[in-house]
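Single-structure report; data block below.
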Amino acid sequence: MASSAQSGGSSGGPAVPTVQRGIVKMVLSGCAIIVRGQPRGGPPPERQINLSNIRAGNLARRAAATQPDAKDTPDEPWAFPAREFLRKKLIGKEVCFTIENRTPQGREYGMIYLGKDTNGENIAESLVAEGLATRREGMRANNPEQNRLSECEEQAKAAKKGMWSEGNGSHTIRDLKYTIENPRHFVDSHHQKPVNAIIEHVRDGSVVRALLLPDYYLVTVMLSGIKCPTFRREADGSETPEPFAAEAKFFTESRLLQRDVQIILESCHNQNILGTILHPNGNITELLLKEGFARCVDWSIAVYTRGAEKLRAAERFAKERRLRIWRDYVAPTANLDQKDKQFVAKVMQVLNADAIVVKLNSGDYKTIHLSSIRPPRLEGENTQDKNKKLRPLYDIPYMFEAREFLRKKLIGKKVNVTVDYIRPASPATETVPAFSERTCATVTIGGINIAEALVSKGLATVIRYRQDDDQRSSHYDELLAAEARAIKNGKGLHSKKEVPIHRVADISGDTQKAKQFLPFLQRAGRSEAVVEYVFSGSRLKLYLPKETCLITFLLAGIECPRGARNLPGLVQEGEPFSEEAMLFTKELVLQREVEVEVENMDKAGNFIGWLHIDGANLSVLLVEHALSKVHFTAERSSYYKSLLSAEEAAKQKKEKVWAHYEEQPVEEVMPVLEEKERSASYKPVFVTEITDDLHFYVQDVETGTQLEKLMENMRNDIASHPPVEGSYAPRRGEFCIAKFVDGEWYRARVEKVESPAKVHVFYIDYGNREVLPSTRLGTLPPAFSTRVLPAQATEYAFAFIQVPQDDDARTDAVDSVVRDIQNTQCLLNVEHLSAGCPHVTLQFADSKGDVGLGLVKEGLVMVEVRKEKQFQKVITEYLNAQESAKSARLNLWRYGDFRADDADEFGYSR
């Protein structure tokens, strides 16, 4: 192919060659090119033209795989520069040519001119003039063309150009490398920096052979993230193109073949490299998708460095216009109106871990499944006890965590729903139960994709699809990326730690267990609970997280309409407004966090009491909305006045259960509910210690002199009767004396004994802790025991604030408090009691400024909203300060309201 033959003469008179035109598709060597016509309804015809009367060096050839004894053939000297000279001059350009000779095998030889006519540059003469080709040996200059070739060759020799220069031309021979020993290392070594390359061959629209410069690696590059129709090889060796395979190949060829490009090496697949080809005119990957010549592929789209969303958008563009391979495409939501594709709805219930029930603006309820994710499930067939009824929420690992994540994030909130596809109903089989039609959608709140957040925490997995299955999430790539992060970080389902176990006792209807449990709940006062199920307006199933049990709970003090009941042989209809009462209770409390006060239980083991939601009594609310009547048993309750007041107001409206109410002539005095007021009785204290969790220890100023006197006497006593070093054997919980770093002795309590060299002590009069050797401890003399003077350090916590969970943010808050109040006198007021320690407000002694409020103003802490009426005024002040800190973007709020944005959900930490 590389060398030419002399054009043969024709018998008779000389014939004038016909001038033909074409566009140069490819340069095969320094003396052979392929030209093509204009495309009309498909790839154009093409033909190979060999230059007459000249010879250029042969390019390197790789040994055929079918001939094991054959060896690779290297470049001849100056062969590659000749090819490059023609490539840079001709590729993509229009040329005209005349055919002077055809061999019996069909090879054509002729003259090639750059441009539309023979007045353009003669390519053969240019090659010879540059010393990149020679005249055919033995050729006589018997016509003007041959004379000019001879002159050009003489000039090149005289100027010592190309092959006529000194030396043997070995520097022009490429060291071609056809294989790479370690493709992964090769790709990584380039650090995704663009590599200069020449596209040598196009196999199909998305697979090319590229020559990487300057090291001459000849590699196969598959375009990351896409696949074009290809050519199937048949048994007889022939190739059958898939629809649009030839068109896609021509699309890539006409833009990239033998063009100078840059390639970003992104990954590898076997010996093939995945990459993105950059050309000054654009990105071929995105162009192929946009023109409908390719589809996105999940297995390689993740390595595409320019953003998978760009590829999906380009594919979506072609789908919407039904271009080429998408000509028969029907969108998964094509039959839905726009208002049914995208809408805002309120979340009413979370169903396990991949579905929610939402309330539409029309008032209708709709079940939405999260697209493309799979909730936690039992692995294996024998993991469940056959005799035990499966409770998926508690028995399937991570199902409870997933449900709780969604419940806390979504219940009662408005979300944006974008329907991705409708999964049709499927009949039951031997192994798979029947499924009704499911609406699958992407659900977002505050810009967060809930499915992505769930997957990033390892609480769900991503469903894998067939490549041609278009019924998937519109954010499928983000889901795959989130899952990859969760696997890498060992989150949730991907953790190697022990699976969390939820031993939840269901004592609903179990009279014996309920009797044992009743006194405990009565003593507890208000207990936290989550409403798991609503049977009727006044009958609910509750989960008590602290007690990890399920109970049936009946609302006290009211008479609610009974719902329909299924009895043996008949269905008992519900009383009027029973459905409305159940819906009211459902919307208000289902899966919400509530507080309950248990007063009693019935014969069936159901607990009776009061339920509070956001500070409101549900019994009172049902009466207020005319969905219940007050029961006489409410008379002995502290809520009786509220119930009567609500009932009277409902009677006046004559709605629902009071629709036929006839007002009695006797006037009743409306009782007034007395509100408890906040007590503010500040006492002077001295702050001695601030802990890492923002608790603090104080001494009462009034007893300060007693402590000073006791310490002075104790030290004098120790000085006159010093303890023998090492004689004291510490025991946990025992009071002792301990020598602090200042060399003085203080009263302390032993908290833990690791070894004689490591004893953890707590200084009972100051609140600080230390680890000491037993040699610095001694027996506390009885004259200075806590009976003589109680421990003077009392622990407190700030009321109305939440301590940040982030370590750095918490440290900032602690440092601020240490600077402001440690070892200073302040004023303290106890606001409310808690299981750990009393919660208080603290004021500076001089300015009377609120220390906790100051932390809120600086954006160092968040406000803890409490529901008690007596605190509403101070809570409002704290919330206003928090809004000011947010607006000023101080500390916690420097990136905005992180609670709405919640970057943690995507696997990142602050």
Side-chain angles (χ1 to χ4, degrees), residues 1-6 24 26-34 48-64 67 69-91 107 109 111-112 114 121-141 145-181 195-201 209-219 258 260:
M1 183 187 291
S3 61
S4 66
Q6 183 173 356
V24 178
M26 187 176 182
V27 175
L28 298 173
S29 69
C31 59
I33 65 172
I34 291 177
Q48 178 180 330
I49 309 297
N50 301 283
L51 288 168
S52 297
N53 303 321
I54 68 166
R55 184 190 183 281
N58 291 319
L59 289 169
R61 292 177 69 87
R62 190 179 184 185
Q67 300 174 2
D69 297 332
K71 293 184 179 180
D72 297 340
T73 306
D75 288 333
E76 291 184 359
W78 297 99
F80 185 64
R83 198 291 297 263
E84 286 296 273
F85 177 80
L86 288 192
R87 182 182 70 82
K88 292 175 181 177
K89 187 180 286 289
L90 298 182
I91 284 295
R107 297 183 71 177
Y109 295 84
M111 305 296 288
I112 301 171
L114 186 61
E121 178 183 345
N122 185 314
I123 299 303
E125 291 176 10
S126 297
L127 275 165
V128 173
E130 291 296 323
L132 298 174
T134 60
R135 289 187 307 141
R136 187 183 61 79
E137 292 179 7
M139 183 192 76
R140 289 194 299 266
E145 287 83 4
Q146 293 171 356
N147 287 333
R148 279 197 298 274
L149 282 177
S150 180
E151 290 171 8
C152 289
E153 188 174 70
E154 292 304 319
Q155 290 169 6
K157 286 179 180 178
K160 294 185 178 181
K161 285 188 174 184
M163 62 181 66
W164 310 114
S165 61
E166 294 178 359
N168 57 8
S170 59
H171 64 284
T172 65
I173 300 172
R174 297 171 294 169
D175 178 19
L176 276 174
K177 304 169 188 73
Y178 297 104
T179 57
I180 299 170
E181 284 187 14
V195 178
N196 292 327
I198 301 167
I199 304 302
E200 295 290 354
H201 174 67
R209 195 88 167 137
L211 182 68
L212 304 185
L213 305 175
D215 297 324
Y216 300 118
Y217 282 98
L218 199 58
V219 298
Q258 290 199 330
D260 291 308

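Throughout, numbering of the chain's residues begins at 1 and tracks the sequence. As the structure is a computational prediction, the values presented were derived from the model and not from experiment.
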How many angstroms lie between atom [atom1] of [X] and atom [atom2] of [Y], to the nearest 0.5 angstrom?
X: N50; Y: L28; atom1: CG; atom2: CG; answer: 8.0 Å
X: I33; Y: L90; atom1: CD1; atom2: CG; answer: 5.5 Å
X: L132; Y: W164; atom1: CG; atom2: CH2; answer: 11.5 Å
X: S170; Y: W78; atom1: OG; atom2: CH2; answer: 10.0 Å

Taking side chain as C-beta onward, heavy atoms only, is [X] less than 4.5 Å from [Y]?
X: S29; Y: N58; result: no
X: I199; Y: Q258; result: no
X: L211; Y: F80; result: yes
X: N196; Y: D260; result: no
X: N53; Y: Q146; result: yes
X: R174; Y: L59; result: yes
X: T134; Y: V128; result: no

Going through the distances and angles, do E130 and K89 end up as a salt bridge (charged side-chain N to carboxylate O under 4.0 Å, His left out)?
CA-CA 13 Å; E130 291 296 323; K89 187 180 286 289; over 6 Å; no
Quick one: does D75's side chain have a donor or acceptor within less than 3.5 Å of a partner on A60's backbone?
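Yes.
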Between N122 and A124, is there a donor-acceptor pair closer than 3.5 Å when you use the side chain of the first and the backbone of the second?
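Flag set: sc N122 to bb A124 pair under 3.5 Å.
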Check [X] against [Y] and note the closest heavy-atom contact, atom names and distance.
X: R62; Y: T179; value: NH2-CG2, 3.6 Å
X: L51; Y: Y109; value: O-CD2, 4.2 Å
X: A56; Y: A82; value: CB-CB, 4.4 Å

With a 4.0 Å cut-off, would you call E200 and R87 a salt bridge?
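Answer for the salt bridge query: no.
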Passes side chain to side chain contact (heavy atoms under 4.5 Å, CB included), I54 versus L127? Steps please.
CA-CA 9 Å; I54 68 166; L127 275 165; 3.9 Å; yes
R61, CZ: over 12 other non-hydrogen atoms inside 6.0 angstrom
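It does not: R61 CZ has 12 such atoms or fewer within range.
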Go through the steps to decide whether N147 and E145 satisfy the test side chain to side chain donor-acceptor pair (under 3.5 Å), and finish with yes or no.
CA-CA 5 Å; N147 287 333; E145 287 83 4; over 6 Å; no
Side-chain donor-acceptor distances from residues 151-161 under 3.5 Å, at least two apart:
from: E153; atom 1: OE1; to: R135; atom 2: NE; distance (Å): 3.3
from: E153; atom 1: OE2; to: R135; atom 2: N; distance (Å): 3.0

Does K177 have any salt bridge (Lys or Arg N to Asp or Glu O under 4.0 Å) partners at least two apart in sequence or in another chain, and if so, which?
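Checked K177 against salt bridge (Lys or Arg N to Asp or Glu O under 4.0 Å); matches are D175.
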